[in-house]
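Here is the structure we will look at.
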Amino acid sequence: MRTQAINGLQWSLMDNLANSGITFLVGLVLARLLSPVEFGLLGILTVFVNVSNAIVDGGFGLALIRKNNATENDYNTVFYSNLFVSLLLMLVLIVSSGGIAMFFNQPLLKDLMPAMSLLLLINSLAIVQRTLLIKKIDFKTQAKISLVASIGSGIVGIGMALIGLGVWSLVAQQLLRQGLQTSFLWKWGDWRPRWSFSKESFRDLFGFGSKVLVANLINTFYKNIYLFVIGKVYTAEQLGQYNRAEQFNLMFTNNLTNVLQKVTMPVLSKVQDDKKRLRDLYRKITIYSAMITFPLVFGLAAAAKAVVVVLVGEKWLPAVEYLQIISCYGAIYPLQILNLNLLNVLKRSDLLLKLEVFKKILFIPVIVVGCMGSLRGMLWMAVLYYYVEFFINSYYSKFLIDYGIGSQIKDVFPIYLLCVGISALILSYTFFIEIYWLLLLVQILSAVVFYYFAFELWNKQEYKELKGIVLSYFRSK
């Protein structure tokens, strides 16, 4: 299982680097060619597409992953259910496009929304194919597909931006990337839908998936609420600046979170009946995650100014402050998701739903500050909220596997303090070095040296294990 998990982790990481990494690099090129306003328009479209995609999946994908004896009827039922819902939501977005454009006072959205809604249909056609690969822990195939799709769509997007197509280049890139991924999943996958739909299968899967659906829907809506509030209350340029800051943050937090979710779900599911083994494995994953996430995210916050100016130019300088604030809660995001993932592993979607409803009630003050205060105030309020959310997410971990907030803080807080201290030192270079590319180079080199010697001197058991895993992998290659 350890070998399978490491192999899955390796290819899942490559999948995310291909899918998000190359897309991120393409985004840097597009950020130099396009304006913050055009990225702001994409941000508004993203809100509606992300929420709709959460509905399209309906929790069925996760239900199939955790069902060890899934039948052909199960797969067919999920496929046709997703397809029907995607077509219905596409129609809703197309009909609503005029009203959305009026609400945000952005007439171009009326034409952009119908095109962007095609993502729902394209995504629905790939959910079962992708789920089958995840169940097999086959991330190698997904990595290859993501690599080709990201490069191909990136080239087209940049080409369209160069000839002056503006925001349409961003929309085309999104559509082509998802379209290529879906096409290759069908080409390289051996499953094909047959005309069968089982009411019993639907009830069984939906019994678990419905709670996951509502929880995911609530979570997705609130994750995108910033884009909605900023797009309505503030300007499209401010939304573009925030969106650029969020893309930098997601490059680390979202990639690692996606890797952890995809790899840990099938691996932990196999030991779900052995609580001691599950707790030990879950604890190691938590510590490994902190050792990787904290240095990356806090390091990004420390080098934010140099990173933004060197990579996308000085017109994006307002994004620096947003990025530094976002990083304060972005560092703990993967740990939050791990706690929620545990509930999915143990098939407690009922608890997952209760948590999401309770947490989002607590989130209301963040929205109020955003609507009545300032963008900066809303982001700082969000920092406070996400740390409270971490405590809440770990509540059930104590009762389910005896690894609650006290144990988790004991394991990760020393790592947190170490990384904050090193990042503060790296941030101080900003006051002495005025050449941005030189500043970035010095900050990166210093961070690598400081973190290496800090962890070596600390000599923590989990660090030695993680180091051994990495070295073993490279020796085998």
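For clarity, every value in this text was computed on a predicted model and none was experimentally measured.
- Between Y403 and Y282, the angle of the ring planes goes over 60°, which puts this pair in the perpendicular group of the 30/60° scheme.
- Applying the 6.0 Å contact sphere to CZ of F391 captures no more than 12 heavy atoms from other residues, nucleotides or ligands.
- Once rounded to the nearest 0.5 Å, the distance linking CZ of R277 with CD1 of I401 reads 14.0 Å.
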Can you list the steps and then say if L445 with V449 is a side chain to side chain contact (heavy atoms under 4.5 Å, CB included)? CA-CA 6 Å; L445 292 176; V449 172; 5.6 Å; no
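- Surrounding CZ of F103 are more than 12 heavy atoms belonging to other residues, nucleotides or ligands, all under 6.0 Å away.
- Separating the OG atom in S407 from the CZ atom in R279 is a distance of 5.5 Å, to the nearest 0.5 Å.
- Side-chain atoms of S394 and N339 include no donor-acceptor pair closer than 3.5 Å.
- Taking the salt bridge (Lys or Arg N to Asp or Glu O under 4.0 Å) definition, one finds that K276 meets it with D280, sequence neighbours left out.
- Contact between S52 and L93 at its shortest, heavy atoms only, is OG-CD1, 3.9 Å.
- Between R244 and P36 there is no side-chain heavy-atom pair separated by less than 4.5 Å.
- Annotation for V366 and M378: closest pair O-CG, 3.5 Å, computed over non-hydrogen atoms.
- Contact annotation: the side chain of L379 approaches that of Y242 to within less than 4.5 Å [non-hydrogen atoms, C-beta and beyond].
- In this structure, T46 contributes its side chain and L42 its backbone to a donor-acceptor pair below 3.5 Å.
- More than 12 heavy-atom neighbours from other residues, nucleotides or ligands sit within 6.0 angstrom of CZ on R32.
- Residue I292 holds its CD1 atom at 9.5 Å from OH of Y288, rounded to the nearest 0.5 Å.
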For L239 and T235, run side chain to side chain contact (heavy atoms under 4.5 Å, CB included): C-alpha distance rounded to whole Å, both residues' side-chain angles, the deciding distance at 0.1 Å, then the answer. CA-CA 6 Å; L239 177 57; T235 66; over 6 Å; no
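- Shown here is Y395, whose OH atom has no more than 12 heavy atoms of other residues, nucleotides or ligands within 6.0 Å.
- Contact check for K398 versus I405: no side-chain heavy atoms found under the 4.5 Å cut-off.
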Side chain to side chain contact (heavy atoms under 4.5 Å, CB included) between L89 and F48: does it pass, once the steps are laid out? CA-CA 10 Å; L89 288 174; F48 294 94; over 6 Å; no
What donor-acceptor contacts under 3.5 angstrom involve side-chain atoms of residues 420-442, with partners at least two apart or in another chain?
{"unit_1": "S423", "atom_1": "OG", "unit_2": "F298", "atom_2": "O", "d": "3.1"}
{"unit_1": "S423", "atom_1": "OG", "unit_2": "C419", "atom_2": "O", "d": "2.9"}
{"unit_1": "S423", "atom_1": "OG", "unit_2": "Y451", "atom_2": "OH", "d": "3.4"}
{"unit_1": "S428", "atom_1": "OG", "unit_2": "L425", "atom_2": "O", "d": "2.4"}
{"unit_1": "Y429", "atom_1": "OH", "unit_2": "S446", "atom_2": "OG", "d": "3.4"}
{"unit_1": "T430", "atom_1": "OG1", "unit_2": "L427", "atom_2": "O", "d": "2.9"}

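- Using a 4.5 Å heavy-atom cutoff, the side chains of L418 and P414 are not in contact.
- Heavy-atom neighbours of K315 NZ from other residues, nucleotides or ligands within 6.0 Å: above the threshold of 12.
- Rounded to the nearest 0.5 Å, atoms CD (Q178) and CG (L176) are 10.5 Å apart.
- Between A331 and V297, the shortest heavy-atom contact is N-CG1, 3.7 Å.
- Side-chain rings of W316 and Y322 stay apart, their centers remaining 6.0 Å or farther from each other.
- Taking 4.5 Å as the limit, some side-chain heavy atom of C371 sits within range of a side-chain heavy atom of V229.
- In this structure, the separation between OG on S86 and CG on L118 is 10.5 Å, given to the nearest 0.5 Å.
- Dense packing is recorded around NZ of K359, with more than 12 heavy atoms of other residues, nucleotides or ligands lying under 6.0 Å away.
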Quick one: do M291 and I415 satisfy side chain to side chain contact (heavy atoms under 4.5 Å, CB included)? Show the steps, please. CA-CA 7 Å; M291 286 183 171; I415 306 172; 3.8 Å; yes
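- A donor and an acceptor atom, one from each side chain of E389 and Y329, are nowhere located under 3.5 Å apart.
- Inter-residue side-chain proximity for Y333 and N249 is flagged as unmet; no heavy-atom pair is nearer than 4.5 Å.
- Within the 4.5 Å cutoff, side-chain heavy atoms of F390 are placed close to those of Q408.
- Residues A290 and L335 approach most closely at N-CD2, 4.3 Å, considering heavy atoms.
- At least one side-chain heavy atom of L30 sits less than 4.5 Å from a side-chain heavy atom of F39.
- You'll find the ring centres of F104 and F228 inside the 6.0 Å limit.
- L34 and E38 get closest at one heavy-atom pair: CB-OE1, 3.2 Å.
- In this structure a side-chain-to-backbone donor-acceptor pair under 3.5 Å is present from S169 to G166.
- Rounding to the nearest 0.5 angstrom, the gap separating the OH atom in Y386 from the CD1 atom in I326 is 10.0 Å.
- The two residues A245 and A319 come nearest to each other via the heavy atoms CB-O, 3.5 Å.
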